[in-house]
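Per chain, numbering begins at 1; letters A, B, ... match sequence-line order. The basis for the numbers below is simple: all heavy atoms, side chains too, and nothing from hydrogens, waters or symmetry mates.
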Amino acid sequence: MPELPEVETVRRGLAPVLLGRRLTRVVVRQPMLRWPVPLEFARALTGRRVEALDRRGKYLLIRLDDDRVVIGHLGMSGSLAVRPPGEAPALHDHVILETDAGACVTFHDPRRFGALLLSTALGVEAHPLLAHLGPEPLDGAFDGPALAARLAGKRCSVKAALLDQRVVAGLGNIYVSESLFRAGLSPRRLAGSVSGARAARLAVAIQAVLLEALESGGSTLRDHRQANGELGYFQHAFAVYDKEGQPCPGCDCDVAREGGIRRLVQGGRSTFYCARRQR
DNA sequence: AACAAGACCTGCATGC
DNA sequence: TGCATGCAGGTCTTGT
C-alpha cells in the first residue's frame, strides 16, 4: 500500500490522537513482522508521552518523551488506525497502543512486511534504514536540478531509479508510474539522461501527483485506510496505474491500434504508461 | 559496482 | 466446488 501520500495521511490522522498523550497500555500480539518487534517494545513505550509524530520517506517516526523513537513502516499491506476502545482485536492486528485519553491505535498488517523498531532521538537519523534515504520530494529544496543531480550517471531506467529510496524518498510503484506519465517521460529512459528541462518537468510532476494524492487521503487498492478508517480515494484519479488497455487520458491515442495504456515489467514490477505520450 | 532474482507472507482474482 | 497459479502498494539479501 503505502507510499508517501498514504503514510503522510496516516501521520496526519494519528497526530490528534497521539500527540501529547501518554501510552497507558501497549500489546504486541504478533512480534514477527519484517524484523522482530524488539522484546522491550511494550515496556519501552508504556507510560511514555508522545512528543512528536514525524515522517521520513515512507517511515513514520513516533518520538517519545524519553528520547526514544519508534520507527514504523507499513510494508505492502500495513495500516495504523484508530479503533473504538474495547473492540476485540481482529486477525492481523499485531500491535495495539492505548492512550490515557482512552484511544486505541492498532497496527494491522496481513502480510507482515511492515516493521516497528526502536531507536533514539540522537541515533534515528543514522539508523541503517534511514541513513541513506534521498530528499523529501515535498521539500522546497526538491526541484529539477536536485533531482537531476541524483539521477546523474545512473545507468538503470528512470522507473527503477525513482523506486530507489536513495534517489527520492517516498515514491513507490503507483506514484512513479503516475509521475512519469505526467512528465511525459518513458519509464524505460536511462535515468542519467533525465536532466535540465526533463528533470524539472519530472520534479514538478512528482510534487503535483503527491500533493493531489494527499488531498484525496491517499490511494486505497486494498488495505490502505486513513487513520479514521475512511478509504483513500486517489485511485479514482489514476491516469495510468493498473489501466492496461484503457485509453490514455492525455492524448487521443486509438486503443485498438496503439493499445492505449501499456503494461511493462521492470525489475519484476509492473509499470503503466502511454507509449505515445511518454518519450 | 550494478543489476536481477529470491526472499519474506497473506489474500484475492483467475482459470481449469 | 476445489485447487493451482499468479499477482499485489516494499525492500533487504543473495547471487550473477
Look at the side-chain N and O atoms of A:S77 and state whether any lies under 4.0 Å from the OP1 or OP2 oxygen of C:dA8.
no
C:dG6 to B:dA5 separation - P atoms, rounded to the nearest Å:
16 Å
Got a donor-acceptor contact below 3.5 angstrom from the A:E136 side chain to the A:G57 backbone?
yes
At a heavy-atom distance below 4.0 Å, which nucleotide of DNA chain B is the first touched by chain A, and which is the last?
B:dC3 to B:dC12
Evaluate side chain to side chain donor-acceptor pair (under 3.5 Å) for A:R263 paired with A:S270, printing each intermediate quantity in order.
CA-CA 6 Å; A:R263 175 173 171 271; A:S270 292; 2.8 Å; yes
Is any side-chain heavy atom of A:F142 closer than 4.5 Å to a side-chain heavy atom of A:I206?
yes
Using 30° and 60° as the class limits, which term best fits the ring planes of A:H94 and A:F107: parallel, tilted or perpendicular?
tilted
Provide, to the nearest angstrom, the distance between the CE atom belonging to A:M76 and the C1' atom belonging to C:dC7.
9 Å
Taking the P atom in each of B:dA1 and C:dT11, what is the distance between them to the nearest angstrom?
24 Å
Please write out each protein N/O paired with an N/O of nucleotides 11-16 of chain C under 3.5 Å, distance rounded to 0.1 Å.
residue	atom	partner	partner atom	Å
C:dT11	OP1	A:H73	NE2	2.7
C:dT11	OP2	A:K58	NZ	2.9
C:dT11	O2	A:R34	NH1	3.4
C:dC12	O4'	A:R34	NH2	2.6

Residue pair A:Y175 / A:E6, side-chain donor-acceptor N/O under 3.5 Å
yes
Does A:R222 or A:R155 map to a spot on DNA chain B nearer the 5' end, using the closest nucleotide for each?
A:R155
